[in-house]
A.B. asks: 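The structure is given below, and queries will be raised subsequently.
Read the numbers this way: they start at 1 and go in the same order the structure lists the ligands and their atoms. When a residue number appears, it is its place in the shown sequence, counting from 1. These numbers come from the heavy atoms of this one structure, side chains and all, not from hydrogens, waters or symmetry mates.
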Amino acid sequence: MKISPPENKFLEELLPKKPVLLMGSGPVPIPKEVAAANSIVISHLGETMKQIVSRVQLMAQYIFQTESKKIFGIAGPSSAAMEMAISSLLWPGRKVLVLNLGTFSARFGEMARGVGAEVTELFPQGLAPIYASQVKEFLEKQSFDVLTIVQGETSCGVKNIELEQIVKLAKAHGVTTIVDSVCTLSTMPLPMDEWGIDIVFVGGQKGLSAVPGISLIAFSEKTYEFVSSRTERMPHWCLDPRRAYKFWALGEYHYTAPVPGILAMHEGLRLICQEGLEKRYQRHLFCSLTLQHCLEALGFELYTPKEFRLNSVVAIKNLNQVNTKELITYMIQQHQVEISGAFGLDIIRIGQMGEQCRLPNIEKTLRALVAGYEHFGVQLDHEQGLFEFERISNGEHDWLSHHYSDSLGL
Ligand SMILES: Cc1ncc(COP(=O)(O)O)c(C=O)c1O
């Protein structure tokens, strides 16, 4: 039977009539420079590409805060970078300790089982991060080859506040560390070399404000050396770092590189370097605290306690059991603002990563949220919430500077 083409439909007919502001857990809005770069295709091999790739690595060294030159891009989501890390270090007979805070940190375990490793999971006590004392107990009882940890668990809005101590503890026990910085890199400090992290990875679609579908991974020189000398067969061809090295270090063919993605990543990283990490961290902290403060003034309760609250994705308790799917759809359709629901928890989540951290975007989101809840019969303290926002926009930082004057530089 012959298959005929479907009726012609232009993309414009499928896209929303008005652009939607992406204020969920990612992807996030992109700057115009990133959008322009993402529309260019050049040859993936040759001098021009080689120069672009080496600039991407140079800028990534700054953002990861590492001197290691073993930084590779991956044509794939952050999960592909996670898979490269896992499959490089684990195989049957190897043991991994997975610090499991939820959906994303659990993924490490799923992947490790997939390559035949022995997986031990360590869970937090309730809604909490995992503390160094818990890890210490495990490391003293059993031996592990690898430890995996997420800096920020996007699914529940918890930050692993003792990441640095945990990584150092692992190092002292000769355990290699893999850190997921997918929703945190460039939004808060993660100095790879200073903390002694062995592998860090990130996707393009969150703090970097580049595009989804391209990721970066950094191996410490020592870890790369270990991986390159392994004799076990590598389970993945695309995700073999030794093959990625061919393209990322030598400019040779591995697979046809995701050219527009690399160019977009270049622009995302360039804008971060231009802004400077310190200033960027402050912008993220300031915007996230502004959002949190205004949400509380509106009458919301934040899901995660302040001591370990993740600022890059803020989890908020749903009110009056409103159907969050319907709420989100209403906000998109009526106010062109998209926020996120959650995986099984009665919360909503608002992102504060990259371009989301701009006061006009926060104001638009707060207004859409108020309108959304009011549509479903929940009255919020509209006036107080928006009054607080106005006050902050006019430069009144008393409430913030009281607590955070050093880190915000106010
Ligand atoms: C902390 C964290 N890790 C991993 C992932 C997976 O990223 P991707 O969907 O790009 O594979 C996400 C996605 O939201 C995330 O938030």
A.B. asks: Return the closest protein heavy atom for atom 5 (C) of ligand 1 as residue, atom name and distance.
C.D. replies: F104 CD2, 3.3 Å
A.B. asks: Examine the side chains of Q282 and E278 and answer whether a donor and an acceptor come within less than 3.5 Å of each other.
C.D. replies: no
A.B. asks: What atoms in ligand 1 come closer than 4.0 Å to a heavy atom of P77?
C.D. replies: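 Once the distances to P77 are compared, the set is 8 (P), 10 (O), 11 (O).
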A.B. asks: Do S133 and E137 have side-chain N/O donor and acceptor atoms under 3.5 Å apart?
C.D. replies: no
A.B. asks: Quick check: closest heavy atoms across T365 and M331, and the distance to 0.1 Å?
C.D. replies: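 Shortest heavy-atom separation between T365 and M331 comes out as O-CE, 4.4 Å.
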A.B. asks: I'd like to know whether the aromatic ring centres of H397 and F286 sit less than 6.0 Å apart in this structure.
C.D. replies: yes
A.B. asks: Do E153 and S105 meet the criterion of a side-chain donor-acceptor pair at a distance under 3.5 Å?
C.D. replies: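 Result is yes, a qualifying pair exists.
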A.B. asks: Give a yes-or-no answer on whether the side chains of N38 and E267 include a donor-acceptor pair shorter than 3.5 Å.
C.D. replies: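 Side-chain D/A pair, N38 to E267: absent.
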A.B. asks: For atom 7 (O) of ligand 1, which of G26, P212, S78 has the closest heavy atom?
C.D. replies: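 Among G26, P212, S78, the closest heavy atom to atom 7 (O) of ligand 1 belongs to S78.
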A.B. asks: Pick whichever of G24, P27, S340, S79 has a heavy atom sitting closest to atom 11 (O) of ligand 1.
C.D. replies: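 Residue with the shortest heavy-atom distance to the ligand atom: S79.
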A.B. asks: Can you name the atoms of ligand 1, numbered from 1 with element, that are less than 4.0 Å from a heavy atom of G152?
C.D. replies: 1 (C)
A.B. asks: Given K206, M353, E83, which one has a non-hydrogen atom that is nearest to atom 14 (O) of ligand 1?
C.D. replies: K206
A.B. asks: To the nearest 0.1 Å, how far is atom 4 (C) of ligand 1 from its closest protein heavy atom, and which atom is that?
C.D. replies: D180 OD2, 3.3 Å
A.B. asks: Do F219 and Y245 have their ring centres less than 6.0 Å from each other?
C.D. replies: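 No, the ring of F219 stays outside the 6.0 Å limit from the ring of Y245, centre to centre.
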A.B. asks: Can you list the ligand 1 atoms lying under 4.0 Å from a non-hydrogen atom of T154?
C.D. replies: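 Near T154, the atoms of ligand 1 are 1 (C), 2 (C), 15 (C), 16 (O).
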A.B. asks: Using a 4.0 Å cutoff against the non-hydrogen atoms of R107, which atoms of ligand 1 qualify?
C.D. replies: 6 (C)
A.B. asks: When you measure from the heavy atoms of Q151 to every atom of ligand 1, does any distance fall below 4.0 Å?
C.D. replies: no
A.B. asks: Counting only heavy atoms, which portion of V150 has something under 4.0 Å from ligand 1: side chain, backbone, both, or neither?
C.D. replies: side chain
A.B. asks: With backbone taken as N, CA, C and O and side chain as the heavy atoms from C-beta onward, which portion of Q205 lies under 4.0 Å from ligand 1: side chain, backbone, both, or neither?
C.D. replies: side chain
A.B. asks: Verify the distance criterion only: is there a donor paired with an acceptor across the side chains of N318 and Y373 at less than 3.5 Å?
C.D. replies: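 Yes, a side-chain donor-acceptor pair sits under 3.5 Å.
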